[in-house]
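Following: one structure in structure tokens, then a few remarks.
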Amino acid sequence: MEPLIEIRHLAKSYQRGAQSVPVLTDISLDIAPGDFTALMGPSGSGKSTLLNLIAGIDKPDSGSLRIAGLDITQLSETALADWRAAHIGFIFQFYNLMPVLTAFENVELPLLLTNLSRSERRERVELTLAMVNLSDRMDHKPSELSGGQQQRVAIARAIVTDPMLIVADEPTGDLDRASATEVLALLNRLNQELCKTIVMVTHDANAAQQAKSIVHLDKGELLRSGA
Amino acid sequence: MFALRLILKNALRHRLRTSLTILGLVIATLSFGLLQTVISAFYAGAEASSATRLVTRNAISLVFPLPLSYSPKIRGIEGVTGIAHANWFGGIYQEPKNFFPQFAISGVEYLKLYPEFVLNDKEQAAFAHDRKGCIVGRKLANQYGFKLGDVIPLKGTIFPGQWEFVVRGIYDGKQANTDTSQFFFHWDYLNETIKKTAPSRANQVGVYIVQIGNPDNAAAISRTLDEQFRNSLAETLTETEQAFQLGFISMSEAIIVAIRVVSFVVIVIIMAVMANTMAMSARERLSEYATLKALGFPPRFLVLLIFGESLLIALIGSLLGIALLFPSAAAFSAKLGTFFPVFDIAPQTLLLQLACAAVVGLVAAIVPAVRSARINIVDGLRSIG
């Protein structure tokens with residue numbers, strides 16, 4: 001099967017003053033469609049940087065990164081923004097919801113970049129919020145929701161456009177155990193039932209256990225990957 | 001539509017901060033409007049002047065009079081269709097702070113040259129038949145409660161003595177900018193009294209008001225008129241009524257320039273306050289802007305949000321400032337009495353207030369908008385709001 005994500009000799013470094021600090025060195029990795037991959041490693045290992053590159057919100061120094069056959073490193077900023085809007089669903093550690101918008105409006109956000117009509121958008125948002133079991137909270141603002149509920153709103157926002165890839169950066173990092181279990185179960189469901197490809201960065205070994213495969217990084221290098 | 005909703009919600013996010021910024025804008029817009037109205041008030045006389053009226057005065061200074069004997073000679077100049085004369089009286093009504101302009105005028109012939117002073121025939125006749133009669137403008141009458149038949153005592157300063165006049169008419173203005181704060185009485189009454197008390201000052205007038213048929217001939221007639229009295233004991237200087245009024249305004253030029261500068265300084269100060277508000281708001285929302293960019297929203301959407309919010313706040317502040325300008329100007333005018341005969345808010349002032357608010361809104365948003373649009377998504381997501 002053709003990999004959904006095909007990474008070859010990817011490298012990335014950051015400038016600290018005059019010094020160039022390598023973050024990722026010669027990363028090559030394939031992720032199959034429908035996979036649920038956990039990126040693990042200690043702080044500073046480069047796992048979040050790798051996730052950002054896969055999500056198209058950062059650019060590598062060298063190497064290629066093909067997603068569904070498209071080398072996203074070659075796309076312009078505008079084309080990359082359109083590509084992200086169409087194909088990527090984001091889940092962040094701190095949810096990153098718009099505090100002034102309701103749960104419904106937050107989930108509707110990515111749909112505003114599509115050609116869907118207002119009623120089509122409403123239908124989709126309501127369906128998605130029902131999937132994450134938040135139909136009764138759609139008029140609530142993030143400040144009126146618990147951490148777990150906020151993360152479920154963020155998950156709804158990530159899947160409402162039916163993206164080919166969901167990237168999650170420490171999705172349980174800010175949650176208590178019960179909420180974390182709930183969120184991981186939801187991600188699992190998305191992967192199992194909707195066949196969504198998920199790449200998740202996590203420190204939590206329990207969270208990583210939910211993934212089908214685990215990729216370990218250390219000091220910017222790929223150590224090993226396993227099921 | 002969504003952008004508009006988000007702009008509105010963002011603007012109301014920090015209610016105290018937004019309210020204080022709006023309060024600042026209200027005060028700045030109001031101050032700007034009041035100061036601009038004061039400037040307009042200085043120029044009101046010049047703007048209300050007629051193009052068919054010339055003013056002839058002593059070439060040395062307005063302080064020096066002209067002989068009454070010039071009147072027939074001026075009347076005889078080709079193109080002159082009417083002539084009247086007047087003297088500045090400068091009396092004190094009860095106490096010096098009760099200032100209002102008082103003129104001794106050549107009766108009804110003077111009034112004929114000023115059709116903008118609307119006086120009914122009955123009152124005009126009553127004034128014409130009473131040598132101690134006077135007419136007052138509506139604004140002046142309202143301010144001091146003058147009514148027909150009232151006796152108004154004035155203490156002379158330029159023309160010493162205790163003077164008394166009987167109100168025979170109250171004139172209205174034909175236009176909104178007509179000065180209705182003036183007091184007119186008969187020059188003949190002044191002259192007859194002076195003949196007894198200071199004969200050397202009799203038969204002299206302060207200025208001649210010369211009516212001409214065609215405003216295009218103003219310069220030529222002025223030259224002819226002044227030429228006629230060249231090398232006389234009292235050489236004349238003739239100019240259009242507007243130029244004459246502007247001559248007075250030029251004496252206050254430094255004050256007007258200072259007021260104008262202050263009015264714009266107020267706008268610059270509020271621009272800095274507004275820019276600070278917008279910069280703070282944008283800085284706090286970096287993570288949200290980065291999220292929007294990550295979701296695929298283009299940078300121009302962020303620019304729209306920030307400019308929209310800035311303009312919305314500026315617009316609300318300026319509209320409230322404009323709304324408050326009307327009662328404030330009325331109160332200001334009432335307090336100043338007849339110091340500014342006309343204290344009306346010009347439509348240009350309102351437009352200028354709106355334009356300044358728009359500039360404040362736009363300028364304040366430039367830096368935060370550019371910064372937010374250029375924000376690196378990864379850096380923005382790391383920032384704490």
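So that the names make sense, note that chain A is the first sequence line, chain B the second, and so on, each numbered from 1.
- Looking at A:Leu112, only its side chain comes within 4.5 Å of chain B, counting heavy atoms on both sides.
- Looking only at side-chain heavy atoms (C-beta outward), A:Met98 and B:Thr291 come within less than 4.5 Å of each other.
- Within residues 24-39 of chain B, no residue has any heavy atom less than 4.5 Å from a heavy atom of chain A.
- Shown here for A:Val100 and B:Lys9, the closest heavy-atom pair between the two residues is O-CD, 3.3 Å.
- Atom CG of A:Asp58 and atom CD1 of B:Ile377 lie 9.0 Å apart (nearest 0.5 Å).
- For chain B, the nearby part of A:Tyr14 is the side chain; its heavy atoms alone come within less than 4.5 Å.
- For chain B, the nearby parts of A:Asn96 are the backbone and the side chain; heavy atoms of each come within less than 4.5 Å.
- Across A:Pro110, A:Pro99, A:Ala158, the residue that shares the most heavy-atom pairs under 4.5 angstrom with chain B is A:Pro99.
- The shortest side-chain heavy-atom distance between A:Leu97 and B:Glu288 does not fall under the 4.5 Å cut-off.
- For A:Glu123, the CD atom is loosely surrounded, since the number of other residues' heavy atoms within 6.0 Å does not exceed 12.
- Among all heavy-atom pairs drawn from B:Gly296 and A:Ala85, the shortest one is CA-CB, 4.0 Å.
- Few gaps surround CZ on A:Arg121; more than 12 heavy atoms of other groups in view lie less than 6.0 Å from it.
- Among residues two or more places apart in sequence or in another chain, the side-chain contact (heavy atoms from CB on, under 4.5 Å) test is passed with A:Gln74 by A:Asp71.
- With sequence neighbours excluded, no residue forms a salt bridge (Lys or Arg N to Asp or Glu O under 4.0 Å) with A:Arg84.
- In this structure, the separation between CZ on A:Phe94 and CG on B:Leu381 is 11.5 Å, given to the nearest 0.5 Å.
- Looking at B:Phe297, the atoms closer than 4.5 Å to chain A (heavy atoms on both sides) sit in the backbone and in the side chain alike.
- By the side-chain hydrogen bond (donor to acceptor under 3.5 Å, both in side chains) test, A:Ser64 is found to be paired with no residue, residues two or more places apart in sequence or in another chain being considered.
- Interface remark: B:Leu12 contributes no atoms to any contact with chain A (heavy atom separation under 4.5 Å).
- Looking only at side-chain heavy atoms (C-beta outward), B:Leu295 and A:Arg157 come within less than 4.5 Å of each other.
- To the nearest 0.5 Å, atoms CG (A:Leu101) and CG (B:Asn10) are separated by 8.0 Å.
- In terms of heavy-atom pairs under 4.5 angstrom with chain B, the leader among A:Leu109, A:Thr49, A:Leu80, A:Asp169 is A:Leu109.
- Ion pairing between a basic and an acidic side chain is recognised when a charged N comes within 4.0 Å of a carboxylate O; B:Lys293 and A:Glu77 show no such pairing.
- Only the side chain of A:Leu113 comes within contact range of chain B, with at least one heavy atom under 4.5 Å from a heavy atom of that chain.
- Nearest heavy atom pair, residue A:Phe92 against residue B:Ala294, reads CZ-CB, 4.4 Å.
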